[in-house]
Number of protein chains: 2
Amino acid sequence: MDDVFRAIADPTRRAILDELVDRDGQSLFEICSRLTMKHGICSSRQAISQHLDVLQGAGLVESRREGRFKFHFLNRKPLEQIARRWLRAQPRENNS
Amino acid sequence: MDDVFRAIADPTRRAILDELVDRDGQSLFEICSRLTMKHGICSSRQAISQHLDVLQGAGLVESRREGRFKFHFLNRKPLEQIARRWLRAQPRENNS
DNA sequence: AGAATAGGCAAGTATCCACTTGCCTGTCAA
DNA sequence: TTGACAGGCAAGTGGATACTTGCCTATTCT
């Protein structure tokens with residue numbers, strides 16, 4: 001769970017998640033070019049690849065290799081748990 | 001919004017939020033001792049104070065000074081927006 | 001008044017992390 | 001089969017950041 005928070009702390013990784021929401025199953029180069037086009041992010045291929053590793057390590061992204069391509073898929077489950085961590089219970093007022 | 005993600009990236013700050021969910025309006029020393037007791041976090045008072053500054057900068061915590069005490073209150077609104085960023089739309093499959 | 005309590009400020013340190021750089025492997029097309 | 005394409009590995013670097021250290025202010029209690 002710690003990995004998930006660390007993963008979404010970086011704005012480039014959040015942009016990657018946004019891109020996968022828009023279109024699931026992209027390859028590394030697709031993601032790179034879309035980040036440049038739509039988000040103005042001009043990081044190198046290697047940088048994005050490392051970001052994808054972090055996202056995968058956090059369970060937010062899964063990947064499948066096909067030939068020379070590697071496709072990346074979004075996994076929402078860890079994000080759903082984040083949402084519920086602090087938003088369920090109402091806090092007790094401190095009356096002491 | 002960037003500040004919010006950076007703020008919740010740190011495990012100690014997440015523990016502080018957990019503590020404020022459990023009991024809103026705690027002072028700095030209350031938070032320090034509770035972190036030690038319940039979370040095994042043995043950071044110094046200054047460290048926790050700096051964490052509270054970060055949380056406040058992100059709008060996750062508000063504070064009110066009364067005499068020599070400063071009470072800290074949780075603000076859930078930024079967290080609600082996080083939850084809704086990636087969980088609304090279903091991603092389109094890549095059929096190309 | 002004097003001591004203890006609650007907290008603040010600022011500089012220094014050490015670690016972490018995003019990114020680069022250079023080179024390598026595997027796949028497909030001409 | 002040769003070159004272009006898609007991606008991987010690993011070491012190095014610079015900047016961010018969590019934490020410490022030392023000292024200071026303000027408030028409350030005895």
Side-chain angles (χ1 to χ4, degrees), chain A residues 1-20 23 25-37 39-58 60-73 94 96, chain B residues 1-20 23 25-37 39-58 60-73 94 96:
Chain A
M1 195 80 268
D2 200 88
D3 294 331
V4 179
F5 286 101
R6 264 191 37 249
I8 62 172
D10 185 89
T12 301
R13 284 195 287 267
R14 292 198 298 275
I16 292 174
L17 294 180
D18 289 337
E19 273 312 307
L20 289 180
R23 180 194 194 90
Q26 294 186 65
S27 72
L28 174 58
F29 270 83
E30 276 183 275
I31 295 172
C32 282
S33 56
R34 285 180 146 232
L35 287 176
T36 308
M37 302 290 169
H39 298 265
I41 295 171
C42 299
S43 299
S44 67
R45 174 184 62 85
Q46 288 85 343
I48 305 302
S49 177
Q50 287 169 0
H51 282 309
L52 284 168
D53 288 341
V54 174
L55 289 170
Q56 191 154 2
L60 289 165
V61 161
E62 292 162 4
S63 62
R64 184 174 67 217
R65 184 118 198 195
E66 284 182 23
R68 17 173 205 182
F69 298 98
K70 188 178 178 187
F71 300 111
H72 301 270
F73 300 88
N94 185 351
S96 67
Chain B
M1 195 79 269
D2 200 88
D3 294 331
V4 178
F5 285 102
R6 265 192 33 251
I8 63 172
D10 185 88
T12 301
R13 284 195 287 267
R14 291 198 300 274
I16 292 174
L17 293 180
D18 288 338
E19 273 313 306
L20 289 179
R23 181 193 192 90
Q26 294 186 65
S27 72
L28 174 57
F29 269 83
E30 276 183 276
I31 293 172
C32 283
S33 56
R34 286 180 144 231
L35 287 177
T36 308
M37 302 292 169
H39 298 264
I41 295 170
C42 299
S43 300
S44 67
R45 174 183 62 83
Q46 288 86 343
I48 305 302
S49 177
Q50 286 169 0
H51 281 308
L52 285 168
D53 287 342
V54 174
L55 289 169
Q56 191 154 3
L60 288 165
V61 161
E62 293 162 6
S63 62
R64 184 174 67 218
R65 184 116 198 197
E66 283 181 23
R68 15 170 208 184
F69 298 98
K70 187 179 179 187
F71 300 111
H72 301 270
F73 300 89
N94 186 351
S96 68

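Just so it is clear: chains get the letters A, B, ... in the order the sequence lines come, proteins before strands, and each one is counted from 1.
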Participant: Using the closest heavy atom to pick a nucleotide of DNA chain D for each, name whichever of B:Phe69 or A:Lys70 lands nearer the 5' end.
Facilitator: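 Upstream on the strand: A:Lys70.
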Participant: Can you figure out which of C:dG7, C:dC17, C:dC19 approaches the side chain of B:Phe29 most closely?
Facilitator: C:dG7
Participant: Under 4.0 Å: is that the gap between some side-chain N or O of B:Ser44 and OP1 or OP2 of D:dT20?
Facilitator: yes
Participant: Please report the distance, rounded to the nearest Å, between CD1 in A:Ile8 and P in C:dA18.
Facilitator: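 Taking atom P of C:dA18 as the reference, CD1 of A:Ile8 is at 13 Å.
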Participant: Compare the minimum distances between each of D:dG22, D:dG7, C:dA18 and the side chain of A:Leu28, then state the nucleotide with the smallest one.
Facilitator: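 That would be D:dG7.
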Participant: CG of A:Leu52 versus P of D:dG7: gap in Å, rounded?
Facilitator: 10 Å
Participant: Select base, sugar-phosphate, or nothing to describe what A:Arg45 touches, counting heavy atoms under 4.0 Å on all strands.
Facilitator: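 Here A:Arg45 touches the bases of the nucleic acid.
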Participant: Answer whether the closest heavy-atom distance between the side chains of B:Arg34 and B:Met37 falls below 4.5 Å.
Facilitator: no
Participant: Could you please name the option among C:dG8, C:dG7, C:dC19 that lies closest to any side-chain atom of A:His51?
Facilitator: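 Among the listed nucleotides, the one closest to the side chain of A:His51 is C:dC19.
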Participant: In whole angstrom, what separates B:Leu35's CG from D:dA18's P?
Facilitator: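 Interatomic distance, CG of B:Leu35 to P of D:dA18: 15 Å.
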Participant: Quick check for you: among C:dG8, C:dC19, D:dG7, whose closest atom lies nearest to any side-chain atom of B:Gln46?
Facilitator: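 Nearest listed nucleotide: C:dG8.
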Participant: Please report the distance, rounded to the nearest Å, between CZ in A:Arg6 and C1' in D:dA18.
Facilitator: 15 Å
Participant: Ignoring backbone atoms, test whether B:Ser49 places a side-chain nitrogen or oxygen under 4.0 Å from the OP1 or OP2 oxygen of C:dG8.
Facilitator: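 Indeed, a polar side-chain atom of B:Ser49 lies that close.
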Participant: Scan side-chain atoms only and decide if B:Gln56 and B:His72 contain a donor-acceptor pair under the 3.5 Å cut-off.
Facilitator: no
Participant: Could you check whether any side-chain N or O of A:Thr36 sits under 3.5 Å from a backbone N or O of A:Ile41, counting only pairs where one atom can act as donor and the other as acceptor?
Facilitator: yes
Participant: Verify side-chain contact (heavy atoms from CB on, under 4.5 Å) between B:Ile48 and B:Thr12, making sure each step is shown before the conclusion.
Facilitator: CA-CA 8 Å; B:Ile48 305 302; B:Thr12 301; 4.1 Å; yes
Participant: Can you tell me how far C1' of D:dA6 sits from CD of A:Glu66, to the nearest Å?
Facilitator: 14 Å
Participant: Just compare C:dG8, C:dA18, C:dC19 and give me whichever is closest to any side-chain atom of A:Arg13.
Facilitator: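 Among the listed nucleotides, the one closest to the side chain of A:Arg13 is C:dA18.
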Participant: Looking at the side chain of A:Ala47, which of C:dC9, C:dC19, D:dG8 is the nearest nucleotide?
Facilitator: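 Comparing C:dC9, C:dC19, D:dG8 against the side chain of A:Ala47, the answer is C:dC19.
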Participant: Distance criterion of 3.5 Å, no angle test: do you see the side chain of B:Gln50 paired donor-to-acceptor with the base of D:dT20?
Facilitator: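 Per atom types, the contact qualifies.
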Participant: Is the backbone of B:Ser27 close enough, under 3.5 Å, to the side chain of B:Glu30 for a donor and an acceptor to pair up by distance?
Facilitator: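 Pair found, side chain donor or acceptor close to backbone of B:Ser27.
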Participant: Does the base of D:dG7 carry an N or O that pairs as donor and acceptor with the side chain of A:Arg65 under 3.5 Å?
Facilitator: no
Participant: Tell me: CD1 of A:Ile16 to C1' of C:dA18, nearest whole Å?
Facilitator: 12 Å
Participant: Ignoring hydrogens, what is the shortest heavy-atom contact between B:Arg13 and B:Arg6? Give both atom names and the distance.
Facilitator: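 Shortest heavy-atom separation between B:Arg13 and B:Arg6 comes out as NH2-O, 3.3 Å.
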Participant: Please report the distance, rounded to the nearest Å, between CG in A:Asp2 and C1' in C:dC16.
Facilitator: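 It is 13 Å, rounded to the nearest whole Å.
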Participant: Tell me which nucleotide among D:dA4, D:dT20, C:dT20 gets nearest to the side chain of A:Arg68.
Facilitator: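 Nearest to the side chain of A:Arg68 among the choices is D:dA4.
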Participant: Measure the distance from CG on B:Asp10 to P on D:dT17 and round it to the nearest whole Å.
Facilitator: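 Distance, rounded to whole Å: 11 Å.
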